[in-house]
Amino acid sequence: MMIPALWQISSRQWRAHRLRVLMTTLGIALGVAVFFAVRTANTALLDSLSLTVERLAGKSTLEVTSGETGFPEEVIDTVRATPGVELAEPVIEVIVHSAFADEGNLLILGVDTTGDQQLRQYEFDRSQTEIADPLTYLAQPNSLLLSRAFAERHGLRIGDRLPIFTAHGRKDFIVQGLFQPVGVGAVFGGNVAVMDVYSAQVVFDRGRSFDRIDLMNSRSVPVDELQRRLCARLPAGLETVRPQMRGQALENAVTAMRLGMLITSFIALLVGVYIIFNSFTIAVNQRWKEIGILRSLGVERRNVYAMFLGEALLMGVIGSISGIAGGFYLAAAASKVMGSIAASVYGVISTAVAPRLHPVTVLTSFALGVAASLIGAWFPARAASCLDPILALHNIESRQPESSLGWKRIAPGSALVLVASLLVHFSPSRVGMTLQLSYAAVILLGLTLLLPMLVQGSARLIHPVMDWAGGAEGGLAVDAMVRSPRRSSATVGALMVGLMFVFSTGAYIQSYKHMIGRWTHRMLNSDLVVATSTLLRSTSYHFSEDMGNRISALPEVKSVENVRFTFIPFQGDSAAVIAIEMDGFLARASDAIEGGSSRHVRELLPRGEGVLVSNNFSARWRCRVGGRVRLNAPTGVLDLPILGIVEDYRSDKGSIFMDRALYKKFWKDDAVDFVDVNLKPGEDATLVKRKIERLTSGSEHALVYTNAELRIWIGSLVDQFFLLNYMQLVVAVVVAVVGIVNTLIVSVMERSREFAIVRAVGGYCSQIRKMVLLEAVAISIVGVMVGALAAVFNIQFMSRTVSTVVAGYEVPFYFPWLLVLAALPAVAAVSLLAAWLPALRAMRMSVIEAIGYE
Amino acid sequence: MIQLTGVSKSYGLGKVVQAVSGMNLQIGPAERVAVMGPSGSGKSTLLNLICGLDGPTAGSVKVDGMELSALSDDARTRLRREKIGMIFQTFNLLPTLTALENVAFPLRLQGLAKKDAEPRAASMLVRVGLKDRSSHRPDELSGGERQRVAIARALIFRPLLLLGDEPTGNLDSVSGEEILRLLDGLQHEYASTLLMVTHNSQAAGYCNRIITLHDGRIVKDERFDRAPATGR
Ligand SMILES: Nc1ncnc2c1ncn2[C@@H]1O[C@H](COP(=O)(O)OP(=O)(O)OP(=O)(O)O)[C@@H](O)[C@H]1O
Ligand SMILES: [Mg+2]
C-alpha cells in the first residue's frame, strides 16, 4: 500500500543512518534469538521427555503404578489374570549414585529377565561376549548389564565391578554384559543399567513390592477397555494409565521451568520493542522537515504512516531472520542447561535430543519479531503522520514541540496500572496463567504510557542533586530531560523492563529465602538430621528403621524420629506425604501448628485419627482445618480430618503430615528418609554428629547435619531451586545492558548536529562531553527509579500470582533496597560507557559537516 | 479558480490572533496575482488555506470548484498532488534526493515509474538551466540553484495552480530576477494560475494583479494589464 516513490526516501535514510539501522535491527534480532532459543530448547526438552518415556515403556500400552511408594508384588497376579492382558512385566526403577565421583546419577531398571525382552528393546554388545543372551544370566544377585557408553567412560569391561550406594551401603555389582546406545540403552545419556527385578528388591530394600507393572493388551481387547477392567479389579491406591500419561506428568513437573524461561524471552522481546521505539522516535524527529515537505507535495497521512511502518516491517523481517539464525545456535546451549536443571532440580530424566528447527517455532518467532518491530514503531509513525506540515515548511530551525503530557496519556496509563494491580490482587488463581500473565503485561503497558511523565517527574526530583554535583552542565542535562522527556523515554523504558525483572526476581528470591529461614527455624528444629541424599531426599535409597534404633541407643540422644518423605497420587495429581513419629514431632514443633485446637491435635494425631496439611496444600486444594482428605492407599482408602495447618515447603504439590504408624499400616512401607535426632540437654551436637557418622559409615550412605549445617544445606538447595531464576537474572541483565547501550549510542550519535550547533556558537567540546555524560548518569538514575517503581508492581505480581502457580503458596512482599542501591552505580557505569564512545565520535566530526544541509 | 468567501482564520485560544479575517477573494484561471503586505499581515496563512494544509475558522475556500472543507484530508492531499505546485522561501527540497530525483518526485507520487519520470525531470532541469547539476544533492547546490530545482519540481506536473511564498526572498536581486523570469515564462506556457507572496515590487511587477493585506484584511486589490514576460 506504500507508494514506491517513498521507498526511495526510506532507502536513502537508511543509507545515511546505517549504524542506527544496524543497531535497531540487532535489537530485534536479540529478542527473537532469545525467544527462539528458549522455545526450541523447550520443545527439545519435551521431545526428549517423551522419547525417554517411549524408550523405557517399549511396547507396553498400559502401566500400573502407585505414586512413588510401590505396591505389593501379588498385584501382578491380579493383572495377569485379567482377561485381555497379553503380557505384564514388573519393573523397579531406581536412580542411584555410583561411587564414581565425576559421574551423575545412574538409572537402574529392575526387570524380569525372562519376559522383558518382549516388551523393551535391548541391543547387546556381542563383540566382547560369547553369551547368547546376557539377560538370562542376570538372575544372580549383584550382577547387572550396563550401557556401553557408561562402561567406556570408566574403562569397565565385562566381569568388572561397579560400586553403587544401596540401602545397605556401598556395594559392588558385577557387569555381566553391555548394551548398545539404542532403545533402553540410549536413555539418560547412556547412564542406564539393567538388573533382575527380584535382586533389585533385595538390594534396594524394597521388600516384596514393585514400582510398576508394564503391560500389553491382547489384540482383541482395546486399551481403553482393558484400562477400565484393571481399574475395577485393582485396589484404589493403584493407577492404571497409558505410558504417555507419565510423559505428561514429567512435562507438568518442568512446566514452571519452561514458563520461567518463556517469560524471560518475552522480556528480551519487550526490550526490542523499546529499542525500535527509540530508533523511530529519533528518526521522526530528524525527518520532521522531510515529512512536512512530503505532505505539501501531496503524500497522504496514511502514506507517511505506511512509510515508517514499512521501514519497521523491513527491519523486523531482517532482524527476525537473523535472530532465528542466531537463536538456533543459542538453542543448543539453552537446551543443555534446561536438561541439566530438569535432572538436578526436578529429578526428571531426559535423553539428549539435538534441537530441531520446528516450523511452528520459526513462524511464531518470526511473527513476534515483526510484531515487536511494528509495535515499537507504531507511536512514532503515528506521531509522524500527525505532524503539522505548516510548521515544518515555513521555518528552518523550529522543531515540532513535544505534545504536552496531557491527560490523554496519563489517564489511560494510570487506569491500566490501577486496574491490572487490582486484578492481580483480587482475581482467583483459577483464571489461568495466560490471563494472569496478561495482568503483568497490562501493568507494563500502563507504565509505558506514563513513561514521559515518570521521566519528567524523576528528573525534577534529581535536579537539585545533579545541579549540585554536576555544576551548570549537570543542571542543563536534567533540564533537557524535563523539557523533552520523550527523548530519553525509550532508554528509561528499556531500563525499566530489564531492571524491573532483575529487582523483582531478586526480591522474590530474598523473600523466599526469608520464608524458608522461618520454616527451618520453626519446623526443622531438631539438633541433628540424618539424610539419605544431598538433594533433600532420594527416591531410591532409604534407611531402615534399624539405623534409627541404633542412633537412639547412643547415650547422648534423648529421642529420634524416623521420617518417611514420599509422594502419593492425590485427586489426579500428587501430594507429598511426610510420615513422622508424631509424639516426638509435637514435643518440639507443636507451636508451628496453626488452626485447630491443640488438645485435638495432641490426642488424635499420634493415634492416626487425623492429619496435618501444609499451607500450600491447603491453598492448592482449598481445604481448611475441619475439612477431610481422602487418600487412596495401596491397601485401602483413608478418609481423615484435617487437624491443623503447618508451614512446609518441601514440595510445591503440598504436603500431608501423618503419624508414621498409620502410614506403615496402609502403605506397607517402613523405609526411612530422614532421622531427626534430639539430644539430651548440654550435649555437643558436633561430637554426636561424629559418633553417628562413625556408626553408619560403611553400612549406610548417611549425611549428618547439625541444625546450623542444616540451614546452610537447605539454603543451598533453595539456591539450586533458583538456579533457573539466577539464569533468568543473567539474561535480564544482559538484555537491559543491550537495551541501554543500544538506545544511548543511537541517541547520542544522532545528536551530532545539535552538538555541532552548540560548538558553532562557541560551546567547548569538553562542555558538551560533560553534558552528554551527565545526562547518561541522569538517565540511569531515573531508569533505576522507574525500574524500582515497576518492580513494586511486579513483586506484587510474583509474590501473589507466580508463586501460587509455581510453588503453590503466596510469598510475602519484600522490597530489595540493597539490590536497587547496588544497581545505581552499575547502571551508571554502563551508560557512561555507552554514551562516551558516540560522544567522542561526535566531537571529532567537523562542525560544518555535522550541521550540513539546513 | 480560487474563491474565498468570508474566510477567517484565528490562532490560539486565550489570546486570539486573527491572521485572516472575513476575506472575500476571487481569482480566475491563468491570473498572476502578487500578495503583498507587512510582516504578520496573514499572507502565508492565506496560502496555507488555499493549498488545504490549513483549514479556515470560518468561511469557505473553493479551489477549482471544490469546497476544501468538504473534502477529506486525503482528498485535499490528492488535490495538492495533482493540481497545486508550491514554492517556498526556504526551498524545502528533500535532502536525501538528488536534484533530478527531487524534480521527478511529484510524478512518481502520481504513479509514474522511475524510468518514465526521470527523463521528464531531466528535460525540466534543462529548462531551468541546471543540466549539469542533476545528480547533486541539495546541500551541494547554491541557494539560487536550489530555488530553480524547487520551481522545476513545482511545475513538472503542469499544475493548475502555482503557489509561491516569497520564492525570491532568500536570493540576491540578480538571481531573484532570473528566477522570476523563469517562473513567468513557465507559468505562461503552462497557463497555470499564479499566486505569489512577495515583499518586493520587482516581483510584483511580473503580475497582473496585486493584492495588499493588512491585519488579515484585503486593503487594496489592483489590476494591471500587462503582457507576460515583459516586465513593467
Ligand atoms: N501557528 C500559529 N500559531 C499562532 N499564531 C500564528 C501561527 N501562524 C501564524 N500566526 C500568526 O498569524 C499572523 C499571520 O501570520 P503569517 O505567517 O500569515 O504572516 P505573514 O504575512 O506571512 O508574515 P511574514 O511576511 O513575516 O511571513 C501573525 O501574527 C502570526 O503571529
Ligand atoms: Mg510568511
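Quick note: numbers below take in every heavy atom, side chains included, and nothing from hydrogens, waters or symmetry partners. Residue numbers start from 1 in every chain, and the chains themselves are labelled A, B, ... in the order their sequence lines are given, proteins ahead of strands.
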So does [X] have more than 12 non-hydrogen atoms from other groups sitting under 6.0 Å from [atom1]?
X: B/R81; atom1: CZ; result: yes
X: A/W14; atom1: CH2; result: yes
X: A/F379; atom1: CZ; result: no
X: A/R382; atom1: CZ; result: no

What distance separates [X] [atom1] from [Y] [atom2], expressed to the nearest 0.5 Å?
X: B/D73; Y: A/R302; atom1: CG; atom2: CZ; result: 10.0 Å
X: A/E300; Y: B/R80; atom1: CD; atom2: CZ; result: 9.5 Å
X: B/L97; Y: A/I293; atom1: CG; atom2: CD1; result: 9.5 Å
X: B/R108; Y: A/L297; atom1: CZ; atom2: CG; result: 13.5 Å
X: B/L53; Y: A/D388; atom1: CG; atom2: CG; result: 8.5 Å

State, yes or no, whether a side-chain contact exists between B/L94 and A/L294 at a heavy-atom distance under 4.5 Å.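 Side-chain contact under 4.5 Å: yes.
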
If we only count heavy atoms from C-beta on, is the A/R287 to B/T96 side-chain gap below 4.5 Å?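 SC-SC contact between A/R287 and B/T96 ruled out.
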
Option in B/R153, B/R78, B/E166, B/K114 with maximal non-hydrogen atom pairs under 4.5 Å from chain A: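 Of B/R153, B/R78, B/E166, B/K114, B/R153 has the most heavy-atom pairs under 4.5 Å with chain A.
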
Where does B/Q110 contact chain A at under 4.5 Å (heavy atoms): side chain, backbone, both or neither?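 Neither part, no heavy atoms under 4.5 Å.
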
Does any heavy atom of chain A fall under 4.5 Å from the side chain of B/D74, the backbone, both, or neither of them?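 For B/D74, the contact with chain A is made by backbone and side chain together.
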
Can you run down the side chain to side chain donor-acceptor pair (under 3.5 Å) pairs that involve residues 55-70 of chain B, sequence neighbours left out, and say none if there aren't any?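 Every side chain to side chain donor-acceptor pair (under 3.5 Å) pair that includes a residue of residues 55-70 of chain B, provided the two are not neighbours, is B/S60-B/E67, B/D64-B/K83, B/E67-B/S69.
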
Contacts of B/S142 that satisfy side chain to side chain donor-acceptor pair (under 3.5 Å) - sequence neighbours left out: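 Counting only residues at least two positions away or on another chain, B/S142 forms a side chain to side chain donor-acceptor pair (under 3.5 Å) with B/E145.
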
For A/R15, is it the side chain, the backbone, both, or neither that has a heavy atom closer than 4.5 Å to a heavy atom of chain B?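 Interface part for A/R15: neither.
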
